[in-house]
Engineer: 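Dumping the structure here so I can ask a few things about it.
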Amino acid sequence: MEPEEEVAAPPLPLPVDALSGLRITYVWTVLLSIQWSEPWLIGLLTFHILCFALTLITMRFYRLQIAHFLFMIVLVYCAEYINEIAAMNWRLFSIYQYFDSNGMFISLVFSTPLLINTMIIVIMWVYRTLAEMTELKALKQKKKANKEQGKKTS
């Protein structure tokens, strides 16, 4: 009796983008396959530019920055629901169906820029906290030095 040979299934071909004919192998080909001239995508890019500008503007306004941060986090949290709604209604605003069940498109063009903005805000918060702690430590040392100097003179 001969042992049964296992035959490996041939690999599935990589998906081909309908617009550009590129094989979708990594993020860059996904981004290249998007028709960026569609009005809703231009609006989305404008939204991200405005969010980034607001991130920079709110550096000096702590409470406004917290609201902006929470707004962006809520949008990222709702991205799955937005993707589902957009997948059902894409014909109303788009030429092509970009909204896949895995959420690759919405993650790349919607969530990632928002998360970058939130990371910038967190980095600014950490920087501010460290600066305040350094200033507080310097004030404590100055107060301690003044106290010791007052004891020596008396």
Side-chain angles (χ1 to χ4, degrees), residues 9-148:
L12 296 173
L14 294 172
V16 177
D17 176 46
L19 299 177
S20 63
L22 295 172
R23 295 268 180 210
I24 298 177
T25 55
Y26 54 97
V27 172
W28 191 245
T29 55
V30 172
L31 293 174
L32 288 175
S33 68
I34 296 170
Q35 190 75 22
W36 292 103
S37 61
E38 288 194 48
W40 73 275
L41 284 170
I42 293 170
L44 183 63
L45 289 173
T46 304
F47 168 74
H48 286 309
I49 290 168
L50 290 174
C51 277
F52 181 69
L54 191 58
T55 297
L56 297 178
I57 290 168
T58 60
M59 279 185 184
R60 299 179 194 263
F61 308 103
Y62 187 68
R63 290 176 194 228
L64 184 61
Q65 192 174 54
I66 290 172
H68 178 55
F69 177 83
L70 292 174
F71 174 72
M72 289 188 295
I73 292 295
V74 167
L75 284 177
V76 170
Y77 178 78
C78 294
E80 184 179 353
Y81 307 112
I82 295 169
N83 188 54
E84 289 174 12
I85 292 168
M88 290 185 289
N89 301 303
W90 67 272
R91 286 183 180 88
L92 298 174
F93 59 90
S94 181
I95 298 170
Y96 301 103
Q97 164 55 301
Y98 293 110
F99 304 96
D100 58 314
S101 60
N102 294 329
M104 170 75 94
F105 175 77
I106 200 156
S107 294
L108 286 175
V109 300
F110 183 73
S111 297
T112 301
L114 292 173
L115 288 172
I116 290 170
N117 273 320
T118 58
M119 285 175 34
I120 290 169
I121 290 172
V122 168
I123 289 168
M124 288 187 313
W125 287 346
V126 169
Y127 175 77
R128 268 197 221 133
T129 302
L130 291 174
E132 290 291 326
M133 288 172 60
T134 304
E135 187 177 329
L136 182 63
K137 185 67 173 178
L139 286 173
K140 279 184 176 181
Q141 287 177 344
K142 190 175 182 179
K143 187 177 180 180
K144 184 178 178 184
N146 287 342
K147 199 176 194 181
E148 287 177 6

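Bear in mind the structure is a predicted one, so any value in this text is a computation, not a measurement.
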Engineer: Given His68 and Cys51, is the side chain to side chain contact (heavy atoms under 4.5 Å, CB included) satisfied, shown in steps?
Structural biologist: CA-CA 8 Å; His68 178 55; Cys51 277; 4.2 Å; yes
Engineer: For Trp125 together with Phe69, are the ring centres under 6.0 Å from each other?
Structural biologist: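 Aromatic pair counts; centres sit under 6.0 Å.
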Engineer: Supply the atom-to-atom distance Leu64 CG to Phe71 CZ, rounded to the nearest 0.5 angstrom.
Structural biologist: 12.0 Å
Engineer: Taking atom OG1 of Thr55 and atom CE of Met124, what is their separation to the nearest 0.5 Å?
Structural biologist: 6.5 Å
Engineer: Looking at CG of Leu56 and CD1 of Ile120, how far apart are the two atoms once the value is rounded to the nearest 0.5 Å?
Structural biologist: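 Separation between the atoms: 7.0 Å.
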Engineer: Residues in ring-ring contact (aromatic ring centres under 6.0 Å, His included) with Phe61, at least two apart?
Structural biologist: none
Engineer: Looking only at heavy atoms, what is the nearest atom pair of Leu108 and Thr112, with distance?
Structural biologist: O-CB, 3.6 Å
Engineer: Examine Tyr98 together with Trp36 and report whether their ring centres are nearer than 6.0 Å.
Structural biologist: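 Tyr98 vs Trp36: aromatic centres not under 6.0 Å.
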Engineer: Spell out, as yes or no, whether a donor-acceptor pair under 3.5 Å connects the side chain of His48 to the backbone of Gly43.
Structural biologist: no
Engineer: So, do Ile121 and Met72 sit near enough that their side-chain heavy atoms are less than 4.5 Å apart?
Structural biologist: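 Sidechains of Met72 and Ile121: in contact.
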Engineer: Give a yes or no on whether the ring-centroid distance for Phe93 and Trp40 is below 6.0 angstrom.
Structural biologist: yes
Engineer: In Å and rounded to the nearest 0.5 Å, what is the CG to CG distance from Leu50 to Leu45?
Structural biologist: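 The CG atom of Leu50 sits 11.0 Å away from the CG atom of Leu45.
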Engineer: Working to the nearest 0.5 angstrom, can you tell me the gap between Ile73 CD1 and Leu114 CG?
Structural biologist: 8.5 Å
Engineer: Please find the pair of heavy atoms, one from Asn83 and one from Gly103, that lie closest to each other, and give the distance.
Structural biologist: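 Result for this residue pair: ND2-CA, 3.9 Å.
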Engineer: Assess whether atom CE of Met133 is packed by more than 12 heavy atoms of other residues, nucleotides or ligands within 6.0 Å.
Structural biologist: no
Engineer: Give me the one residue out of Phe105, Tyr81, Trp90 that meets ring pair (Phe, Tyr, Trp, His ring centres under 6.0 Å) with Phe99.
Structural biologist: Phe105
Engineer: Do Arg128 and Met59 pass the side chain to side chain contact (heavy atoms under 4.5 Å, CB included) test, and can you show the C-alpha distance, the side-chain angles, and the key distance before you say yes or no?
Structural biologist: CA-CA 10 Å; Arg128 268 197 221 133; Met59 279 185 184; 4.1 Å; yes
Engineer: Of all heavy-atom pairs between Gln97 and Ala87, which one has the smallest distance, and what is that distance?
Structural biologist: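 So the two residues come closest at NE2-O, 3.5 Å.
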Engineer: Between atom OG1 of Thr58 and atom CD1 of Ile66, what is the distance when rounded to the nearest 0.5 Å?
Structural biologist: 10.0 Å
Engineer: Going by ring-ring contact (aromatic ring centres under 6.0 Å, His included), name the residues that satisfy it together with Phe110, two or more places apart in sequence or in a different chain.
Structural biologist: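 Partners of Phe110 under the ring-ring contact (aromatic ring centres under 6.0 Å, His included) test: none.
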